[in-house]
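Both counts, for ligands and for their atoms, begin at 1 and track the order of listing.
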Amino acid sequence: MSIQKDATTNSIALSPPEQQFGMNPVKQRETDNYAQEYIKGFVDKWDELIDWDSRAESEGDFFIQALRKHNVRKVLDVATGTGFHSVRLLEAGFEVVSADGSPEMLVKAFANASHRGHILRTVQADWRWLNRDVHGEYDAIICLGNSFTHMFEERDRRKALAEYYAMLKHDGILILDQRNYDRILDDGFSSKHTYYYCGDNVRAAPEHIDDGLARFRYDFPDESSYYLNMFPLRKNYVRRLMQEVGFQNIETFGDFQETYRDEEPDFYIHVAEKS
Ligand code: SAM
């Protein structure tokens with residue numbers, strides 16, 4: 001938040017907060033960054049970026065089917081964002097608790113849900129300390145929309161996965177997705193711009209890629225731009241971490257399909273069982 005003085009009226013106005021990446025943005029590689037990246041201006045634009053109707057059409061009932069296949073009733077959405085999956089799952093009849101580390105996101109999710117006639121049960125919680133802030137056991141945990149990419153340290157990823165594991169019932173499942181960073185790291189970026197980032201007129205493209213950073217820029221029609229600094233997770237690395245934390249029978253889908261060629265999908269979806 002910055003303070004600006006209007007010279008004509010002599011009044012003081014608070015300008016909205018801006019993203020803070022400092023003088024050298026590609027040096028910002030910390031797990032805690034997400035809190036300042038999802039400022040109100042960006043959050044308000046987020047739904048423009050992920051257009052709910054086209055997104056629902058793209059993913060069909062993939063997640064609903066996966067949850068039903070595992071007899072899931074109670075779901076913890078740990079990366080609620082603006083509430084897209086929490087609302088879809090509520091409407092499909094699941095019991096949902098909606099967590100996120102960003103209060104801005106939860107406020108927006110709550111408003112989005114109430115416009116659709118639902119009361120979201122929201123909890124502000126960072127994944128690294130999930131069990132401290134969220135109570136109960138769940139049949140499923142979902143971490144969707146390329147959210148896990150926000151963790152820059154391996155110990156944070158392990159801690160988050162262990163926290164998810166602990167919150168699941170003995171036969172629970174974790175569904176976690178990620179962008180296909182293998183392709184970006186190995187071959188450069190070329191998204192079909194279909195899944196997740198479905199909003200019209202919104203350009204999402206990487207501005208910097210190396211083994212430790214994928215810095216994406218999001219350009220909106222009103223000429224505003226926002227950035228996310230993310231860790232480029234390789235698919236097999238994520239699978240290995242899940243396994244090492246204790247998850248079993250990890251199935252990986254490419255763009256909601258059971259079979260994929262490694263270079264094809266934009267996104268991978270891992271479905272892992274606790275036991
Ligand atoms: N799942 C939503 C979707 O698909 O639209 C939101 C995706 S958004 C890319 C990532 C979300 O993860 C943000 O809402 C952010 O606040 C949350 N997040 C990132 N790191 C987190 C952490 N360490 N603990 C809790 N939430 C986190």
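- Proximity of A125 to ligand 1 is established by a heavy-atom distance of less than 4.0 Å.
- Against a heavy-atom cut-off of under 4.0 Å, L144 is close to the following atoms of ligand 1: 1 (N), 2 (C), 4 (O), 7 (C).
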Mind listing the side-chain donor-acceptor pairs of residues 115-122 below 3.5 Å, one per line with the distance, residues two or more places apart or on another chain?
| residue | atom | partner | partner atom | Å |
| --- | --- | --- | --- | --- |
| R116 | NH1 | N112 | O | 3.1 |
| H118 | NE2 | E91 | OE2 | 2.8 |
| H118 | NE2 | R116 | O | 3.4 |

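- The N/O atoms of M151, backbone and side chain alike, include none that comes under 3.5 Å of an N/O atom in ligand 1.
- Proximity to G81 (heavy-atom distance under 4.0 Å) selects the following atoms of ligand 1: 2 (C), 6 (C), 14 (O).
- Checked by atom type and distance alone, the side chain of Y226 never pairs as donor or acceptor with a backbone atom of D219 at under 3.5 Å.
- In the hydrophobic clustering of this structure, V78 does not group with L106; members are Ile, Leu, Val, Met, Phe, Trp, Tyr whose side-chain heavy atoms approach within less than 4.5 Å, directly or through other members.
- Cluster annotation: V26 is connected to M151 through the hydrophobic network of ILVMFWY side chains, with a link wherever side-chain heavy atoms come within less than 4.5 Å.
- Stacking of K274 on the aromatic ring of F247 is not recorded, the 6.0 Å distance cut-off and the 45° axial limit not both being met.
- The shortest N/O to N/O separation between G101 and ligand 1 falls below 3.5 Å.
- Less than 4.0 angstrom separates some heavy atom of G145 from each of these atoms of ligand 1: 4 (O), 7 (C), 9 (C).
- Aromatic ring centres of H150 and F231 lie farther apart than the 6.0 Å criterion allows.
- Of the listed options N146, D100, L130, D100 places a heavy atom closest to atom 16 (O) of ligand 1.
- The ligand atoms of ligand 1 that sit less than 4.0 angstrom from a heavy atom of H150 are 10 (C), 19 (C), 20 (N).
- With 3.5 Å as the limit, one finds no donor-acceptor pair spanning the side chains of Y268 and R239.
- Atoms of ligand 1 lying under 4.0 Å from at least one heavy atom of A79, given by number and element, are 1 (N), 2 (C), 6 (C), 12 (O).
- For R55, the heavy-atom gap to ligand 1 drops under 4.0 angstrom.
- The aromatic rings of W52 and F84 stand perpendicular to each other, their planes meeting at an angle above 60°, with 30° marking the opposite boundary.
- For the residues W127, W129, Y38, W52, the heavy atom positioned nearest atom 24 (N) of ligand 1 is part of W127.
- Listed by atom number, the atoms of ligand 1 under 4.0 Å from S102 heavy atoms are 16 (O).
- Counting Ile, Leu, Val, Met, Phe, Trp and Tyr side chains that sit under 4.5 Å apart, directly or through other members, F21 shares a hydrophobic cluster with Y227.
- Residue contacts with ligand 1, taken as heavy atom pairs separated by less than 4.0 Å, involve D126 via backbone and side-chain atoms alike.
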